[in-house]
Each structure stands twice: as structure tokens, then as C-alpha cells.
Amino acid sequence: MASELFDTVVEMIRQANVAGEESTLTAVELRQSMETMVGAVPVIDGTVFETVMAGGVPSEWVRPATTVASDACVVYLHGGGYVLGSVNTHRGLASHLAARTGLPVLVVDYRLGPEHPFPAALDDALAAYEWVLTQGFAPDRLVIAGDSAGGGLTLATLHALRDRGRPLPAAAVPISPWTDLTLSGESMDALDAHDPMVRRPGLQRMADWYLGDHDPNDPLASPVFGDAKGLPPLLIHVGEVETLLDDSKRYAAAAEAAGVDVTLEVWPEMTHVWHAFGPMIPESDAAVTRVAEFVAQHLNLPAPTVTA
């Protein structure tokens, strides 16, 4: 059963009507709303923030108070439907992840649609990843992670790196990934009444803003339609009541069939990217800790012991 704190947060989201009235707002208004709502998540005490240009892409290093390995890091791609989100909206989540992993987290502030349509976000993610390699981090000491659109972008980045013959990271963690910009998953409508955050009208607008006239079936936009062969180990987290549930389940099934080491975890009662609710929410803390365990496993690091 979900905790009272979790239920309180979900009720606040419902009252804010995030998945309803937002579909009438402009991209700028949506960004302002997200900055206010998600940006209020507190950061972990002792976290250090450093603004950098990662291969020409504005980004931010989020460093924990205690670092367990100086040669490893996480590259993080924020969510927001390719239209919203920033280092500001994800500072709290990034600090939580940094504290739990004991690693610096590079949050990439990639360009957004509709001003910068596909493939701007992908180009920026690739540029930031290549920049990290120039900073003394070997590919096998890196993990790429991201939530929602950033989760889909995580997978698209892996596909593009593989296709270009570039070295892949040790592992990747797509959280509630948006892998299908055609919105064809059955859960998109079947779970509509249960998801307080993500629904078809809002997603369709964001897909249109991001894609312009580009084909939504392109695997670099919708990784669920791509070939996952040769990708590194994946941990995919998704909530049981998300409209995007099938985006995770279908991608995981296809990746496993392609020989990829995939761990798909469907968390009971959880909503979209519940990891972002903050360390005081038990379900959020448990999910981020689980991500940290996976990162530690694939980077050969001690199991997470840092107290957030």
C-alpha cells in the first residue's frame, strides 16, 4: 500500500490538474508551471552545483557531499516531453541520485521544442556524452539515465552511439520512458483514468511540438520501433498506473528478444516518475536507492550507503 505522504503528493497533483488543463497552455506557460511545481523539490544538504558547457550544451554538475569514485559519473537527461524541463526542475532529483550513488551527476540542459525540434535534443545529448569522455571518464565508468522524455532520449542516445560505432556506457536507466511518440500503447487509454500526470492530449501536443513534420516512427524519436541489439544492461522503472506503462513493457520485451540484459521493474501503485517526489517520500527514496544499487553493480562500486 502506498504511503500517506505519497498519496498526499498525488492528490496535490490531481488538484493542480496537471494532466488536464495543461493541454490548453502554451509551451512557455507549461515551462513556467513545471519550474514552479517540480523545482520546489528540496536538494540534499551538502550537494555542490557547477554550471558547465558540455560540448557546447549548457549543463550542470551535481556533486554529492561524499564521492565514492572520482573516475565514474552519471549523465542525466531530464524529462518534460521534449518541451519542458531544465537543470532547475531536476536539481532535487539529481541531488538525491548523486547522494545515493555517491557519484557526480551531469544534468544536460538540452534544447527544447518547438523552438528546437528533433533532432536537437538528441544532438545535444550526444554532444554532452562525447564531452564527458574528454573529461577523463572511460565509457565503462559511465551510466546514462533519464526520466520520461529523458528516458526515451536515453535509449535514443544509446541507439545513435551504437549506430555510429561509438563506445557505449556501462549501463543505462530509463525511468518511466516515453518510447513511442505515436502514442500507440494500449495503456495510453486503458490507464487514463488512473494517471494524474500524463494523458494523451498533452503528450500529443508535445510530440507535435518536438517532431514538427518529422516521422514519429523514427527509432531515434520513438526507440520502441528500433533494434536494441548490442545495447548495455538496462534497468527500466515504470509505475503500475502510468499511461506510459506499455512504452516500457514493449521496449523491454523487444530489447530482451534482441539479447539485451534488461531488468524491467513495474512498481505497484506508482505514478509517472515518482522518483522525483523527494527523499522524504518512502517510495521515491526506495526507487532512487534501487537505481543507485544498479549503478553500483555495473560500475563495480560499493552498495549505496549514503544517507540522503
* Asked: Rounded to the nearest 0.5 Å, what separation is found between the CG atom of L231 and the OG1 atom of T154?
  -> 11.5 Å
* Between CG of L30 and CG of L112, what distance do you get to the nearest 0.5 Å? -> 11.5 Å
* Asked: Judged by atom type as modelled, is there a donor-acceptor pair below 3.5 Å linking the side chain of T36 to the main-chain atoms of M34?
  -> no
* To do: List for me each residue that meets salt bridge (Lys or Arg N to Asp or Glu O under 4.0 Å) alongside E11, sequence neighbours excluded, and say none if there are none.
  => none
* For P117, side chain to side chain contact (heavy atoms under 4.5 Å, CB included) partners two or more places apart -> none
* **Interatomic spacing from CG in L244 to CG in D195 - rounded to 0.5 Å** => 7.0 Å
* Check whether any side-chain heavy atom of L211 sits under 4.5 Å from a side-chain heavy atom of D218, and report yes or no. => no
* Using the side-chain contact (heavy atoms from CB on, under 4.5 Å) rule, take L235 and R290 through it: C-alpha gap first, then chi angles, then the decisive distance, then the call. => CA-CA 10 Å; L235 170 64; R290 172 68 185 111; 4.1 Å; yes
* Asked: Out of curiosity, T271 OG1 to R14 CZ, how far, rounded to the nearest 0.5 Å?
  -> 8.5 Å
* Should I175 and V241 be regarded as members of a common hydrophobic cluster, given that ILVMFWY residues are connected when their side-chain heavy atoms come within less than 4.5 Å of each other, either directly or indirectly? -> no
* Asked: What heavy-atom pair brings G80 and A149 nearest, and what distance separates the two atoms?
  -> N-CB, 4.3 Å
* Classify the ring geometry between H275 and H237 as parallel (under 30°), tilted (30 to 60°) or perpendicular (over 60°). => tilted
* Where the side chain of S33 meets the backbone of E29, is there a donor-acceptor pair that is under 3.5 Å apart? -> no
* Asked: Parallel, tilted or perpendicular: which fits the ring planes of W131 and W61, with parallel below 30° and perpendicular above 60°?
  -> tilted
* Should D147 and H90 be marked as a side-chain hydrogen bond (donor to acceptor under 3.5 Å, both in side chains) after you check the CA-CA gap, both sets of side-chain angles, and the distance that decides it? -> CA-CA 10 Å; D147 65 277; H90 281 66; 3.0 Å; yes
* To do: For atom CE of M53, decide whether the heavy atoms of other residues, nucleotides or ligands shown that lie under 6.0 angstrom number more than 12.
  => yes
* Measure the CE-CZ distance between M270 and F277 for me, rounded to the nearest 0.5 Å. => 8.0 Å
* Would you please say whether a donor-acceptor pair under 3.5 Å links the side chains of D163 and H159? => no
* side chain to side chain donor-acceptor pair (under 3.5 Å) pairs, two or more places apart, involving residues 134-143 -> D71-R141
* To do: Would you name the heavy atoms of I13 and P196 that are closest together and state the gap between them?
  => CG2-O, 3.6 Å
* Is it the case that more than 12 heavy atoms not belonging to E186 sit under 6.0 Å from its CD atom? -> no
* Do NZ/NE/NH1/NH2 and the carboxylate oxygens of E293 and R100 come within less than 4.0 Å? -> no
* Asked: Please walk me through it: do K249 and E265 pass salt bridge (charged side-chain N to carboxylate O under 4.0 Å, His left out)?
  -> CA-CA 9 Å; K249 293 172 69 174; E265 295 183 357; over 6 Å; no
* Go through the steps for V107 and L93 under the test side-chain contact (heavy atoms from CB on, under 4.5 Å), then give the verdict. => CA-CA 10 Å; V107 183; L93 174 54; over 6 Å; no
* W209 versus T26, closest heavy-atom pair with distance -> CH2-C, 4.1 Å
* Determine yes or no for a side-chain-to-main-chain donor-acceptor pair under 3.5 angstrom, with S95 supplying the side chain and G92 the backbone. => yes
* Check the pair V291, L97 against side-chain contact (heavy atoms from CB on, under 4.5 Å), reporting the backbone distance first and the verdict last. => CA-CA 8 Å; V291 171; L97 181 59; 3.8 Å; yes
* **Interatomic spacing from CD in E240 to CG in L245 - rounded to 0.5 Å** => 8.0 Å
* To do: With side-chain contact (heavy atoms from CB on, under 4.5 Å) as the test, would you mind laying out the steps for H96 and V43 before giving the verdict?
  => CA-CA 7 Å; H96 192 183; V43 301; over 6 Å; no
* Asked: Is the ring centre of Y110 less than 6.0 Å from the ring centre of H116?
  -> no
* Asked: Quick one: are S248 and T179 in side-chain contact, heavy atoms under 4.5 Å?
  -> no
* Polar side-chain atom of T243 near backbone of L191 as donor-acceptor pair, under 3.5 Å -> no
* Asked: Does any N or O in the side chain of S187 come within less than 3.5 Å of the main-chain N or O of D246, such that one atom is a donor and the other an acceptor?
  -> yes
* Would you kindly say whether S176 and E242 are connected by a side-chain donor-acceptor distance under 3.5 Å? => yes
* To do: For P177 and G151, work out which heavy atoms get closest and say how close.
  => CB-C, 3.7 Å
* Do we get R91 above F49's six-membered ring, with its NZ or CZ under 6.0 Å from the centre and within 45° of the axis? -> yes
* Asked: Does T182 have any side chain to side chain contact (heavy atoms under 4.5 Å, CB included) partners at least two apart in sequence or in another chain, and if so, which?
  -> D180, S184, P216, N217, F225
* Just checking, is any N or O donor in the side chain of S86 or E35 under 3.5 Å from an acceptor N or O on the other one? -> yes
* **Min side-chain heavy-atom separation V238-L264 under 4.5 Å** => yes
* To do: Would you kindly confirm whether W267 and M280 end up in one hydrophobic cluster when ILVMFWY residues are joined by side chain heavy atoms under 4.5 Å apart?
  => no
* Asked: Side chains of V74 and L142: does their closest heavy-atom pair fall under 4.5 Å?
  -> no
Distance-only donor-acceptor hits, side chain of residues 1-10, under 3.5 Å, sequence neighbours excluded:
unit_1	atom_1	unit_2	atom_2	d
S3	OG	F6	N	3.1
S3	OG	E283	OE1	2.9
S3	OG	E283	OE2	3.1
T8	OG1	E4	O	2.9

Atom pairs and distances, donor-acceptor, side-chain atoms in residues 253-263, under 3.5 Å, two or more places apart:
none

* Within-4.5 Å side-chain heavy-atom neighbours: L106 and V62 -> no
* Could you tell me whether R200 and D189 make a salt bridge, using a distance below 4.0 angstrom between a side-chain N and a carboxylate O? => yes
* Could you tell me which non-hydrogen atom of Y210 sits nearest to which non-hydrogen atom of A121, and how far apart they are? => OH-CB, 3.8 Å
* Asked: Any idea which heavy atoms bring L181 and A221 closest together, and the distance?
  -> CD1-O, 3.3 Å
* To do: Side-chain contact test, heavy atoms from C-beta onward, threshold under 4.5 Å: evaluate it for W178 versus L203 and give yes or no.
  => yes
* Using atom types as modelled and distance alone, determine if a side-chain donor or acceptor of S222 lies under 3.5 Å from a backbone N or O of P219. => no
* Using atom types as modelled and distance alone, determine if a side-chain donor or acceptor of R111 lies under 3.5 Å from a backbone N or O of D123. => no
* Asked: Are L220 and P119 side-chain neighbours, meaning at least one heavy-atom pair lies under 4.5 Å?
  -> no
* To do: Could you tell me whether the side chain of P139 reaches within less than 4.5 Å of the side chain of L168, counting heavy atoms only?
  => no
* Cluster link L103 to V48, ILVMFWY, side chain under 4.5 Å -> no
* Sub-3.5 Å donor-acceptor pair from the side chain of T157 to the main-chain atoms of A125, do we have one? -> no
